[in-house]
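Below, each value reflects all heavy atoms present in this structure, side chains not excepted, and no hydrogens, waters or symmetry copies. Numbers restart at 1 for each chain; the letters A, B, ... are given by sequence-line order, proteins then strands.
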Amino acid sequence: MTDIPKVYSPETIEPSWAERWAAQELYRATGDPARRRFSLAIPPPNVTGSLHIGHMLEHTEIDILMRWHRMRGEDVLWLPGMDHASIATQMIVEREIGREALPALEGPDAMRRWQMEGQRLRLEMGREKFLERCWQWKEESGGTIRKQLVRLGASVDWSRERFTMDADYSRSVVEVFVRLYEEGLIYRGDYVVNWCPRCQTAVSDLEVVHEERAGHLWFIRYPFEDGSGSITVATTRPETLLGDTAVAVNPKDARYQKAAGRRVILPLMNRAIPVVADEMVDPEFGTGAVKVTPAHDPNDFEIAQRRHLPALRILDEEARMTAEAGPYRGLDRYAAREAVLRDLKAANLLEKTEDYVLSIGACQRCKSIVEPLLSKQWFMKMRPLAGPAIRAVEQGQISITPDHYRKIYLDWMNNIHDWCISRQLWWGHSIPAWTCNGCGELIVAREAPAECRRCRKNAFRQDPDVLDTWFSSGLWPFATLGWPEPTPDLIRFYPNDLMIMGFDILFFWGARMIMLGLKLTKNAPFRKLHIHALVRDAERQKMSKTKGNVIDPLEVTEKYGTDAVRFALAISAAPGTDIAFSTEKIESYRAFANKIWNAARFILMNLEKLPARIRDDLAQALEPKERSFSPAPNSEQLALADRWVFSRLAAVSGEIEAALAEYRFHEAAYLAYHFFWHEFCDWYLEWVKPEITRADSAESLSPAWLNLARAFQASLHLLHPFMPFITEELWHRLPREAADASISLAPFALAAEEALDREAEADFGVLRDLVVTARNAEADAGLQKQKPHARVASEETELIGLFETHRETVLRLAGLGGLEIERGKLPADVSGTVAGARFDFLLVDVRAVDHHAERARLEKEKDKLGEALARAEQQLSNEGFLRRAPREVVEGAERRRAELTDQLRKVAEALERLN
RNA sequence: AGGCCCGUAGCUCAGUCUGGUUAGAGCGCUACCUUGACACGGUAGAGGUCAACGGUUCGAGUCCGUUCGGGCCUACCA
């Protein structure tokens, strides 16, 4: 029986619902062709980490939409999964291995030492063993993420879970590589790439984060070979001079007309190198002459290609000087810089040094300064892929929201560069390329070749590198559905209807998915791409572990309940604006959950008092068979409230749906919040309270009960996408016929559109105004406790009738002892008369009125009204306004003027009486 | 170097695209209320020259321009 606690404790109900939803496979997509489908693939979290608050926002937004679409009767697929996070996972596993080997280490340096030791041990243990460790890690960490998703109530289809390194998925990856290679869109070559000397791998442009740092610009003299003077170059990296193979000047630069074609002696190395002319050189910068180091600078590399200059690699994979650096061999890049500068100074070749702020690139993963390095890598040609991806967005096959991300996407696409896709790592998809041991032939194939097509030998070595993780993630929307096989799922659910992601991976992932999807499936991978906000802390700082301002979703979930956290996120999620998040915010929506709980508690407690037979009838009446509710005819007093609440339900449902359709989560959540708290609870529930708390034993289900139960149930449905747990729980506590059903599979909007009732809303509104006017008057008079008597008068016959009908309700809600209802106006000379637009109101027998406070209040009111009136009059006396403004605006102003004049007059009269 | 976003109540933000009532919300604050769902509550209230200046317009928080302040992104300036 009614053992409903006064305070809602989410922890007592959430975990069990979460498990039941998953265990019952409630969210398994049916594939039922009779229903409209709605599909979305989860942005796969990394197996490396557990979920953070940003994930929770993402999953909240997605889940709201998925639940909403499902409740609209659609066949919804939300496909879950994870990606293998090549570089990040490898780092973590290395560190683990290092930690095991050196358990005694501690202190700030421990991590780094473990990492180095792990890297060494990895090479020692070999590829196979290391990968075993990675898989082991993946099982553990992946399990954690899965548990978190379940706990957060994400309505995903677990039967279709995917991992980017599943066998089927890996086959898709190989297929894509081979196809693109055969088409010439993937190629291998020697280019200057971003090399991370710590991770020991190439990384793509996007994986390099730029940062401004204070540095220097060194001016170095390169003497002409013939001894006639010198040419001065400016550089931020003097140590790379050891690998210079030319000096370049702009051909149009008058200063260097005679220099081009001559030779200079490379300082310290005493090598003669040419001065070449190349357009790329900016005459404005530095001295207008630039040293050319083809193996360590992408620009220089291009110059070298054009001018047929050799490339000398003076730095190795660990950023130490190679044998090419002669006497500097073995030095670290920064030690080498010191040595070079010292020697230049000694040789009097360093002309000057200037302070200079330069932008420096660091590895996104480990923050080491990346080194531009010439090496053999695999690349994907992006221009041919970008064209269709630009058109798809420009022509609307894919819509990107909020709108300004569309422009950012197009801008990036239009300036795209080739993508370095090979990584010198072990954890990931091996590149399906083999080199013949006999003749060196390169063979790219779906499977290991049996014999060389050129020399017929049968010994090969496979390319040791793996693919960038984003290469495989780029296939996510279709590879998860079985592509390239035409599986039923692929046919049914591809292209996806929607993709939601954070801005930080728009280029990494979103753009590449679009390009690859269009290329490989001839289809956009999704029709809509929505970019969600970033969750920041209350001071709008980015959350980070080092700052210690992170909000851990599981922690706050346990403390405040998933529903509260979800709701706090949703109601803060205005498109295009970052979210300032705080536990205070969560607390206020925990209060909302508590409010819902207590409304239910009230209803359920009274429901218990009804005879069992009536409850059975109610259970039947709550089955939404016709998928729409409207108010059952009721007593005159209650009918208005019923009509009103169903009208509001119908209107609010529509507004929420409109907001959700445009990803205005904040608005949708607010609408549900405001309706439930400030309409359903504050007015409807209060209105019908006496009727349902009455203890008499009814023979049959009363319309009051039927309407209340239905309105409450319909409210739960509206709230369910935002607060799945509490709504599911309460929905089940209502009398039900089928115990195994779930609110998540029931219709979203239960109130029928026919329930929209403007007349009921208007009438209810006037009564509400009367109650509020009375409360105001009582508060002003300091009489909240006394239950004073009052008079109300109106010149409208209908209002008189309305007031008469609802006199009892008004008395109760306003806390009045009695109410005279009169036709006409109230005498203006009686102190305390409040004039509304449609009625006058007066407290009678008011003794202790604070005249001073009353006067102050009235003065203020008068000023406010006066200002508003002046504005209206000014507008109406303006001929331009009368001539040009639309009629309804002018009429509105006229009406306002009339109302304000009336109100102002009454306030002035009241003031006069006081004096 | 280019581009984007933001500046509205003490705090966090809606509202600006599509100009037109007396500019809203949540939290916080003040007063009153232990009324039989809820003090994670109820009732009422205080609090804003919408960053500044100029322009367009009958009318600007909303459109345009400039300035100031804050944040972000892209880029091969050696």
Nearest whole angstrom, please: distance from the C1' of B:rG42 to the CH2 of A:W683.
12 Å
Quick check for you: among B:rC40, B:rA37, B:rA14, whose closest atom lies nearest to any side-chain atom of A:V7?
B:rC40
Evaluate the criterion ring-ring contact (aromatic ring centres under 6.0 Å, His included) for residue pair A:Y673 and A:Y589; output intermediate values, then yes/no.
CA-CA 9 Å; A:Y673 174 93; A:Y589 298 102; 5.6 Å; yes
Could you tell me which nucleotide pairs with B:rA60 by Watson-Crick or G-U wobble geometry, both distances under 3.5 Å, or answer none if nothing does?
none
Output the rounded distance in Å from OH (A:Y589) to P (B:rC13).
13 Å
Quote, to the nearest angstrom, the P distance that separates B:rG7 from B:rU12.
12 Å
Does the structure place the NZ or CZ of A:K595 under 6.0 Å from the centre of the six-membered ring of A:F680, at an angle of no more than 45° from the ring's axis?
no
Tell me whether the side-chain N/O atoms of A:K407 come closer than 4.0 Å to OP1 or OP2 in B:rG3.
no
Output the single nucleotide from B:rC38, B:rU43, B:rG41 whose closest atom is nearest the side chain of A:K6.
B:rC38
B:rU22 phosphate, OP1 or OP2: any side-chain N/O from A:R896 under 4.0 angstrom?
yes
Comparing A:T235 and A:F602 on RNA chain B - which has the more 5′ nearest nucleotide:
A:F602
Which of these nucleotides, B:rC40, B:rU22, B:rU12, is closest to any side-chain atom of A:A580?
B:rU12
So does A:K595 get a side-chain nitrogen or oxygen closer than 4.0 Å to the phosphate oxygens (OP1/OP2) of B:rG42?
yes
Rounded P spacing from B:rG55 to B:rG41 in Å
50 Å
How is A:A234 classified with respect to the nucleic acid when contacts are heavy atoms under 4.0 Å: base, sugar-phosphate, or nothing?
sugar-phosphate
Can you identify which nucleotide, out of B:rA14, B:rC40, B:rG26, has its nearest atom closest to the A:A574 side chain?
B:rA14
Whole-Å distance between B:rG48 P and A:K864 NZ?
12 Å
As a test of reading the structure: which of B:rC38, B:rU43, B:rC76 is closest to the side chain of A:H210, going by heavy atoms?
B:rC76
Short side-chain N/O contact from A:K585 to OP1 or OP2 of B:rC27, under 4.0 Å:
no
Categorize A:V192 for me: base, sugar-phosphate, or nothing, with a 4.0 angstrom heavy-atom threshold over every strand shown.
nothing
Minimum-distance nucleotide to A:Y670 side chain [options: B:rC38, B:rC76, B:rA25]
B:rA25
Report which part of the nucleic acid A:R871 touches: base, sugar-phosphate, or nothing (heavy-atom distance under 4.0 Å, all strands).
sugar-phosphate
For atom C1', what is the distance between B:rA9 and B:rC4, given to the nearest Å?
28 Å
B:rA37 base to A:E686 side chain: any donor-acceptor pair below 3.5 Å?
yes
P atom, B:rG59 versus B:rC68: distance in rounded Å?
29 Å
Quick one: look up who B:rA44 pairs with, Watson-Crick or G-U, both distances under 3.5 Å, and put none if it's unpaired.
B:rU30
d(CG, A:D418; C1', B:rC76) in whole Å
14 Å
Kindly compute the distance separating CG (A:L350) from CH2 (A:W218), expressed to the nearest 0.5 Å.
9.0 Å
Nearest-angstrom distance, P atom, B:rA51 to B:rA37:
46 Å
Atom CZ of A:R601 and atom P of B:rA37: how far apart are they, to the nearest Å?
8 Å
Classify A:Q875 by what it touches in the nucleic acid, base, sugar-phosphate, or nothing, heavy-atom distance under 4.0 Å.
base
Quick one: does A:D244's side chain have a donor or acceptor within less than 3.5 Å of a partner on A:A246's backbone?
no
Regarding A:E587 and A:K559, does a basic nitrogen lie under 4.0 Å from an acidic carboxylate oxygen?
no
Pair A:R775-A:L813, side chain to side chain contact (heavy atoms under 4.5 Å, CB included): steps then yes or no:
CA-CA 9 Å; A:R775 285 172 179 168; A:L813 296 181; 4.3 Å; yes
Euclidean distance for P, B:rG28 against B:rG19 (whole angstrom)
37 Å
Please report the C-alpha distance between A:H674 and A:Y670 in whole Å, then the side-chain angles of each, then the deciding distance to 0.1 Å, and finally whether the side chain to side chain contact (heavy atoms under 4.5 Å, CB included) criterion is met.
CA-CA 6 Å; A:H674 187 267; A:Y670 177 75; 3.4 Å; yes
Of the listed nucleotides B:rU43, B:rC77, B:rU22, the one nearest the side chain of A:Y356
B:rC77
Looking at every strand, decide which applies to A:L900 at a 4.0 Å heavy-atom threshold: base, sugar-phosphate, or nothing.
base
Starting at the 5' end of RNA chain B, which residue's closest nucleotide do you reach first, A:P298 or A:A885?
A:A885
Hey, what's the ring geometry for A:F722 with A:F567, parallel, tilted or perpendicular (30° and 60° as the breaks)?
perpendicular
The side chain of A:Y673 is closest to which nucleotide in this list: B:rG26, B:rC76, B:rC38?
B:rG26
When you compare B:rC27 with B:rC40, how far apart are their P atoms, in angstrom units rounded to a whole number?
13 Å
Roughly how many Å is it from CG in A:D682 to C1' in B:rG41, rounded to a whole number?
10 Å
Looking at A:W677, I'd like to know whether one of its side-chain N or O atoms comes within less than 4.0 Å of OP1 or OP2 on B:rA25.
no
Watson-Crick/G-U partner (both atom distances under 3.5 Å) of B:rU74
B:rA1
For the side chain of A:H678, counting heavy atoms from C-beta on, which of B:rG26, B:rA39, B:rA44 is nearest?
B:rG26
Find the partner of B:rA39: check Watson-Crick (N1-N3 plus N6-O4 or O6-N4) and G-U wobble (N1-O2, O6-N3) distances, both under 3.5 Å, and reply none if neither fits.
none
Taking OP1 and OP2 of B:rU74, is either one under 4.0 Å from a side-chain nitrogen or oxygen of A:N414?
no
Indicate the ring-plane relationship of A:F507 and A:W412, choosing parallel, tilted or perpendicular according to the 30° and 60° boundaries.
parallel
Heavy atoms only, 4.0 Å cut-off, all strands: where does A:P886 land among base, sugar-phosphate and nothing?
base
Heavy atoms from C-beta onward define the side chain here; which of B:rC4, B:rG20, B:rC58 lies closest to that of A:N878?
B:rC58
In this structure, how many angstroms lie between the C1' atom of B:rA31 and the CG atom of A:N776, rounded?
14 Å
Whole angstrom value for the distance that separates C1' of B:rU16 from NE2 of A:H666:
12 Å
If you measure from the P atom in B:rG15 to the same atom in B:rC63, how many Å do you get, rounded?
12 Å
